[in-house]
Engineer: 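Dumping the structure here so I can ask a few things about it.
What you see is a predicted model; the values in this text were computed from it and never measured. When a ligand or atom number is given, it counts from 1 through the structure's own listing order.
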Amino acid sequence: MPFYDLSPASPFLLGTAGYPSPEILQQAIIASGTEIITVSLRREGAAGGAFRELLQQLNTRVLPNTAGCHTVKEAVTTAHMARELFNTRWIKLEVIAHADTLQPDPFALVEAARILSDDGFQVFPYTTEDLVIGEKLLEAGCQLLMPWGAPIGSGQGLRNIDGLRTMRAWFKDIPLIIDAGIGAPSQAALAMELGFDGILLNTAVAKAGDPVQMASAFQQAIRAGQQAWQAGLMEKRDMAVASTPIFGLAEFGQ
Ligand SMILES: CC(=O)[C@@H](O)[C@H](O)COP(=O)(O)O
């Protein structure tokens with residue numbers, strides 16, 4: 001499905017924070033095959049021009065994010081700075097409620113999404129699997145939703161599979177990207193098998209023993225999950241169903 005003005009060939013979106021070195025970050029981005037990387041304005045501010053130079057060498061689009069923002073005002077101001085700095089209308093909108101859970105503040109998120117959409121931004125909102133919040137975000141002008149798998153940095157995978165499955169069915173024509181909490185390639189594959197359109201993750205790659213190899217592992221798992229969804233998974237059954245036909249089998253006498 002198209003993400004605003006881009007239909008990425010790769011459904012893998014990668015975060016750029018917390019890598020052992022800029023070189024490893026660069027190699028991980030290449031190994032991931034991603035076309036979209038997300039950059040925190042605070043991180044970019046801290047690293048400065050060298051980081052921007054590194055980004056320019058890569059064939060990727062930048063999705064700036066408002067990581068670390070706790071209020072509507074902070075998020076809107078950060079989005080405006082991002083638009084200036086990266087020359088893009090895209091913004092991954094995070095408005096965090098608590099410093100300890102890092103869960104989104106749904107009320108502030110919807111308000112900030114409305115302000116930014118009205119101002120011409122294309123908002124990628126980091127949200128939960130709650131259907132009502134999803135509807136409010138769409139009403140506010142968002143064209144896609146980014147539900148969490150689990151809290152940021154937790155690596156717990158899909159904590160509410162039933163809720164995410166319901167969300168997929170409810171918003172069947174809206175691009176849905178799982179954002180945050182993915183810890184292993186198998187979890188990302190599962191999300192894609194459920195029909196999600198993409199995965200955004202950071203910590204599982206940045207903090208891996210070998211981030212470059214892990215980026216490649218995620219790329220393959222995400223592709224495999226996507227292919228499985230497109231191919232159509234078999235339905236689960238309560239009882240055994242013989243996979244080998246018995247018609248035509250030889251009969252043995254006594
Ligand atoms: C980089 C970024 O945008 C994070 O805020 C994002 O939510 C990723 O979360 P994980 O680090 O859990 O993958």
Side-chain angles (χ1 to χ4, degrees), residues 3 11-20 22 24-25 28-29 32 34-47 51 54-55 58 60-70 74-75 78-79 82 86 88 90-106 108-109 112-113 122-129 137 142 144-160 164 176-192 196-208 211 214-215 217-219 221-222:
F3 302 160
F12 186 7
L13 290 72
L14 189 61
T16 54
Y19 289 77
I24 291 179
L25 165 62
I29 291 171
S32 73
T34 188
E35 293 171 26
I36 302 173
I37 53 174
T38 182
V39 176
S40 156
L41 251 279
R42 293 176 178 202
R43 159 110 184 49
E44 155 66 16
F51 184 60
L54 183 152
L55 297 182
L58 298 160
T60 52
R61 282 188 71 173
V62 174
L63 170 61
N65 69 59
T66 64
C69 293
H70 287 260
E74 269 182 313
T78 304
F86 293 106
T88 176
W90 283 3
I91 190 75
K92 179 167 115 70
L93 183 61
E94 287 185 25
V95 190
I96 299 299
H98 307 133
D100 48 355
T101 66
L102 296 183
Q103 71 183 80
D105 174 339
L109 179 69
Q122 297 185 330
V123 178
F124 295 57
Y126 164 63
T127 183
T128 67
E129 65 276 34
L137 286 166
C142 300
L144 59 78
L145 301 171
M146 302 184 88
W148 63 355
I152 294 172
S154 70
Q156 293 176 24
L158 307 184
R159 273 216 308 203
N160 180 2
L164 289 168
L176 298 179
I177 302 170
I178 295 286
D179 174 12
I182 297 294
S186 54
Q187 299 162 355
L190 173 59
M192 296 303 288
F196 283 85
D197 297 286
I199 307 287
L200 190 154
L201 62 88
N202 189 152
T203 309
V205 168
K207 299 302 177 196
M214 188 60 82
F218 267 106
Q219 183 200 29
I222 290 168

Engineer: Glu94 heavy atoms, cut-off 4.0 Å: which ligand 1 atoms fall inside?
Structural biologist: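 So the answer, numbered in order with elements, is 2 (C), 3 (O), 4 (C), 5 (O), 7 (O).
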Engineer: Can you pull out the closest protein heavy atom to atom 3 (O) of ligand 1? Residue, atom name and distance to 0.1 Å, please.
Structural biologist: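 Of every protein heavy atom, Lys92 CE, 2.8 Å lies nearest to atom 3 (O) of ligand 1.
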Engineer: Within a distance under 4.0 Å of any heavy atom of Asn65, pick out the atoms of ligand 1 and give their elements.
Structural biologist: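 Counting atoms of ligand 1 from 1, those under 4.0 Å from Asn65 are 3 (O).
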Engineer: Given the rule in the side chain to side chain contact (heavy atoms under 4.5 Å, CB included) test, do Leu14 and Ser32 qualify, once you have shown the distances and angles that lead to the verdict?
Structural biologist: CA-CA 8 Å; Leu14 189 61; Ser32 73; 3.9 Å; yes
Engineer: When you measure from the side chain of Asp197 to the backbone of Leu176, do you find a donor-acceptor pair of N or O atoms at a distance under 3.5 Å?
Structural biologist: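 Between the backbone of Leu176 and the side chain of Asp197 there is a qualifying donor-acceptor contact (under 3.5 Å).
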Engineer: Is it true that Asn160 and Glu129 share a donor-acceptor pair across their side chains at a distance under 3.5 Å?
Structural biologist: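 Their side chains do contain a donor-acceptor pair, which is all the 3.5 Å distance test asks for.
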Engineer: If we set the cut-off at 4.0 Å for heavy atoms, which region of Ala180 has an atom near ligand 1: side chain, backbone, both, or neither?
Structural biologist: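 Contact part for Ala180 vs ligand 1: both backbone and side chain.
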Engineer: State which residue, out of Ile222, Leu201, Leu63, fulfils the side-chain contact (heavy atoms from CB on, under 4.5 Å) condition with Leu13.
Structural biologist: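 In the set Ile222, Leu201, Leu63, the residue that makes a side-chain contact (heavy atoms from CB on, under 4.5 Å) with Leu13 is Leu63.
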Engineer: If only atom types and distance count, is the side chain of Lys92 paired as donor or acceptor with the main-chain N or O of Val123 below 3.5 Å?
Structural biologist: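 Between the backbone of Val123 and the side chain of Lys92 there is no qualifying donor-acceptor contact (under 3.5 Å).
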Engineer: Which distance, rounded to the nearest 0.5 Å, do you find between the CG of Asn65 and the OG1 of Thr38?
Structural biologist: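 Taking CG in Asn65 and OG1 in Thr38, the distance rounds to 3.5 Å.
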Engineer: Does an N or O from Asn202, backbone or side chain, lie closer than 3.5 Å to an N or O of ligand 1?
Structural biologist: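 Between Asn202 and ligand 1, an N or O pair is found under 3.5 Å apart.
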Engineer: Within the structure, does Ser154 bring an N/O atom to less than 3.5 angstrom of an N/O atom in ligand 1?
Structural biologist: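 No.
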Engineer: Report yes or no: does Gly181 have a heavy atom closer than 4.0 Å to ligand 1?
Structural biologist: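 A heavy atom of Gly181 does come that close to ligand 1.
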Engineer: Which ligand 1 atoms, with their elements, are less than 4.0 angstrom from a heavy-atom of Leu201?
Structural biologist: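 In order of numbering, the contacting atoms are 13 (O).
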Engineer: Given Ser40, Gly153, Pro64, which one has a non-hydrogen atom that is nearest to atom 12 (O) of ligand 1?
Structural biologist: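 Nearest heavy atom to atom 12 (O) of ligand 1 lies in Gly153.
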Engineer: Can you list the steps and then say if Trp90 with Val62 is a side chain to side chain contact (heavy atoms under 4.5 Å, CB included)?
Structural biologist: CA-CA 8 Å; Trp90 283 3; Val62 174; over 6 Å; no
Engineer: I want to confirm something. Looking only at heavy atoms, which of Ile96, Ile152, Ile37, Asp179 is nearest to atom 6 (C) of ligand 1?
Structural biologist: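 The nearest heavy atom belongs to Asp179.
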Engineer: Closest heavy-atom contact between Gly181 and Ser154?
Structural biologist: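 Smallest interatomic distance, heavy atoms only, reads CA-OG, 4.1 Å.
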Engineer: Looking at atom 10 (P) of ligand 1, what's its closest protein heavy atom, distance included?
Structural biologist: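 Nearest protein contact, heavy atoms only, for atom 10 (P) of ligand 1 is Thr203 OG1, 3.6 Å.
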